[in-house]
Amino acid sequence: MKLNRNKVWSAAIAVTLTYTGAAYSDGHTADVYAPYEGTTLVVNFPAHPHYNAVLDVLPEFTEQTGIEVEVDQLQYLKMRERQTLELTKDEGDYDLISYVVFSKADYVYADQLENLAKYFMNPALADPNYDAEDLIDGYVQNIGVAGGAQGYLPGPTGSLFGIPFGSETSVLGYRKDIFEKHGLEVPQTYDELLEIACKIPELEPGMGGLASRAASGHQASHAFLLHLAPLGGRVFDEQWNPTINNAAAVEAATALKTIIDCGVEGSETFGPAEAAASFAQGQSAMFLDSIAFAAGFEDESRSTVAGNVGWALHPEGVRRGSQTGGFGIAIPSNAQNKEAAFLLMQWLTSKEADLMIAMAGGNPSRFSTYENPEYQAAYAYAETFGEALKYADPNWRPIIPPWGKINADLGTTLSQVLTEDLDIQEALDGVAERTRATMEEAGYYTWQ
Amino acid sequence: MSIARTNRMTPYLFLAPAGLVLLFALFYPICYMIYASFLDWNPSQRIGEADFVGLRNYTKLFSDPSFRESMWVTLKFAGVVVTLEMFLGVGLALLLDRNIRGMSLLRTLFILPMMIAPIVVGLMWRYMYHPTVGIFNKTLKSWGFDTIPWLSDGNWAFASVVIADVWQWTPFIFILSLAALQSLPTSAVEASKIDGASGWQQIIYIKLPLMLPVLIVTFLLRLIDSFKVLEVILVMTNGGPGLSTEILSLRINRTASEFRELGEAAAMSNLLLIVLLLLTFAMFIYNKAQDARAARLRAVEEEA
């Protein structure tokens with residue numbers, strides 16, 4: 001366990017001071033927290049830039065509310081393993097957990113997360129000024145809601161189990177200097193993207209077009225799904241029939257193969273960190289991945305392209321559709337201080353805290369933060385990212401319990417396509433067939 | 001009467017604590033694993049909540065081409081790696097079995113790779129194999145050769161993990177072989193010298209046969225270990241490209257954490273255990289047969 005008493009980041013202080021005054025002038029706020037004063041909440045957060053920023057802001061929560069927070073920070077895959085064990089206990093140690101988006105299905109299905117309705121209904125807990133409309137809709141639907149359409153999507157039967165916190169979408173980063181030098185237009189569509197990706201190596205020998213993840217397994221699958229949604233594909237149709245081998249899917253896989261073929265040498269084995277490094281070291285002219293990497297490219301100690309990076313929306317295929325992912329926060333069913341945990345959760349995702357965390361380098365969860373002039377001034381890409389979020393697609397990948405297996409199969413098969421020149425249609429037909437078997441076994445065709 | 005019985009019981013009494021420890025520390029987890037392999041068990045469930053599915057996990061495994069592929073990769077990896085390491089390790093030991101100045105320093109240097117944490121070994125090799133900034137491709141390029149797709153081509157990736165493993169574990173065989181060589185009875189070697197045996201003849205007819213018991217144990221230890229390599233490959237290739245380096249322990253790891261099928265992972269672990277047990281038994285029986293043959297030969301000689 002790591003107890004955090006980090007000094008508040010200087011800029012965050014400036015922002016918080018304004019709001020502390022407001023909170024204290026309003027007599028209500030102090031009353032709300034009074035019953036929980038002195039409580040110590042244990043929270044489980046991943047080691048991630050967003051959560052590092054959160055640590056800077058947390059002391060402010062303790063100061064305002066008198067509720068202590070102890071943070072257990074783990075690498076995100078380790079975090080999931082720990083939670084899997086922790087959530088099956090009768091009495092859990094964690095009061096609030098951050099979860100990776102694909103854990104949603106497993107946790108909700110096993111009845112391990114609190115439905116948030118009863119907290120938002122409780123007048124003693126719910127802040128009337130919370131403004132849930134301002135939360136980025138694609139994130140809420142993708143990360144927070146379960147039980148609606150197809151089980152994992154929002155819909156009339158869905159309900160809220162978590163709140164997005166440290167979420168991400170995909171954007172296109174490009175080298176302004178290189179594009180200017182050769183008079184290239186920033187690609188708006190997939191055709192343009194692929195054309196420029198393959199033109200770059202000719203114009204700038206030794207430089208790759210687009211840096212992408214592609215390593216066998218999860219990474220290759222992720223890269224493929226990134227292209228699948230904008231090109232009009234889906235993994236399943238509404239009856240859970242795999243559509244991963246239709247024309248759109250073949251087009252997406254072909255796009256991925258083109259990108260890798262025109263990419264920097266050895267990119268078949270890149271994970272996200274290596275793809276980002278290849279862009280940061282000036283070996284690739286474009287980068288299509290999560291917004292979480294943006295801050296790193298402007299850091300001169302780690303990036304040789306700082307100041308030369310431009311940002312654009314994820315290019316459009318037959319529709320716009322950027323990914324949604326990252327983390328959300330939720331209250332475990334076996335938590336011991338659920339109400340105080342809700343207060344922390346509400347505070348962390350409030351307008352004020354969201355801005356503070358964003359100023360400290362975190363990912364905003366609210367549109368208002370992206371629109372904030374102060375934030376836009378501090379982070380040049382804020383406006384583009386805010387715009388990109390309007391097209392964030394909650395259904396770019398299915399979040400269902402058997403997904404882990406399908407994802408791995410898809411990813412290893414695509415890796416074979418990329419490295420062994422396996423025929424794309426044939427490869428995807430195989431994936432579709434095995435996916436059907438997996439889904440059959442998991443009982444998804446019981447009603448057909 | 002009762003004293004006699006007590007006397008007979010005494011050894012068992014003294015063995016009992018060790019037996020109990022063994023029972024709990026060894027058999028309990030194995031039985032647990034065997035039981036788990038008959039369950040449809042998701043890590044979000046407690047073991048009591050999991051459904052009993054009989055042999056389904058096993059039948060599923062045998063009809064799963066990815067598992068078969070992974071089994072084949074494991075066998076291929078273990079076979080290639082252990083053969084190479086045995087040749088190199090024993091060869092090195094034979095070469096260095098002499099009085100060289102600074103031998104103890106050399107020995108320490110040789111076993112250095114073994115002492116490095118596997119994750120670090122994986123990372124180190126991964127960077128050395130890096131397509132553009134890695135030392136291998138950089139060197140090849142500066143000499144004017146074509147670069148090699150070390151980790152991005154299935155066959156090369158397999159070769160790459162083999163090279164890394166050989167680098168790390170040859171010293172293990174080297175050091176055990178060297179110890180065996182140095183404890184050989186000098187009389188036999190001297191006798192052969194007097195009889196005019198050449199260097200090669202000494203090695204083939206005297207040293208290797210005398211070292212054999214140690215070599216067999218070393219071989220077995222290495223074989224068992226090579227079936228369980230995980231971290232180095234996990235870091236270097238994570239089983240890719242495709243399934244070309246996905247050895248069984250990596251697949252077990254993924255089945256448990258990514259696919260969240262603890263029952264199936266347990267079934268795979270059991271199969272791995274069975275394969276290893278069979279290998280060990282085969283080796284054991286071979287050893288016994290050899291001993292028996294030697295004893296028979298001796299008996300025949302004595303009679304004659």
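We use all heavy atoms of the structure for the numbers below, so side chains are in, but hydrogens, waters and symmetry mates are not. Chain A is the first sequence line, chain B the second, and so forth, proteins listed ahead of strands; every chain is numbered from 1.
- Interface remark: A/A408 contributes backbone and side-chain atoms alike to the contact with chain B (heavy atom separation under 4.5 Å).
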Once you leave out hydrogens and angles, what donor-acceptor pairs under 3.5 Å do chain A and chain B share?
{"unit_1": "A/T88", "atom_1": "O", "unit_2": "B/R46", "atom_2": "NE", "d": "2.9"}
{"unit_1": "A/T88", "atom_1": "O", "unit_2": "B/R46", "atom_2": "NH2", "d": "2.5"}
{"unit_1": "A/D90", "atom_1": "OD1", "unit_2": "B/R46", "atom_2": "NH2", "d": "3.0"}
{"unit_1": "A/D106", "atom_1": "OD1", "unit_2": "B/R260", "atom_2": "NE", "d": "3.4"}
{"unit_1": "A/D106", "atom_1": "OD2", "unit_2": "B/R260", "atom_2": "NE", "d": "3.3"}
{"unit_1": "A/Q112", "atom_1": "NE2", "unit_2": "B/S44", "atom_2": "O", "d": "3.3"}
{"unit_1": "A/S216", "atom_1": "OG", "unit_2": "B/G242", "atom_2": "N", "d": "3.4"}
{"unit_1": "A/S216", "atom_1": "OG", "unit_2": "B/G242", "atom_2": "O", "d": "2.9"}
{"unit_1": "A/E265", "atom_1": "OE2", "unit_2": "B/T147", "atom_2": "OG1", "d": "2.7"}
{"unit_1": "A/E274", "atom_1": "OE1", "unit_2": "B/R126", "atom_2": "NH2", "d": "2.8"}
{"unit_1": "A/E274", "atom_1": "OE2", "unit_2": "B/R126", "atom_2": "NE", "d": "3.0"}
{"unit_1": "A/E274", "atom_1": "OE2", "unit_2": "B/R126", "atom_2": "NH2", "d": "2.3"}
{"unit_1": "A/S415", "atom_1": "OG", "unit_2": "B/G242", "atom_2": "N", "d": "2.7"}
{"unit_1": "A/E441", "atom_1": "OE2", "unit_2": "B/K60", "atom_2": "NZ", "d": "2.7"}

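- Heavy-atom distances place no part of B/P149 under 4.5 Å from chain A, backbone and side chain included.
- For B/I135, the CD1 atom counts as loosely surrounded, since its 6.0 Å shell holds 12 or fewer non-hydrogen atoms of other residues, nucleotides or ligands.
- For the set B/P241, B/G239, B/A256, B/P65, the count of heavy-atom pairs under 4.5 angstrom toward chain A peaks at B/P241.
- In B/F87, the CZ atom is not crowded: 12 or fewer heavy atoms of neighbouring residues, nucleotides or ligands sit closer than 6.0 Å.
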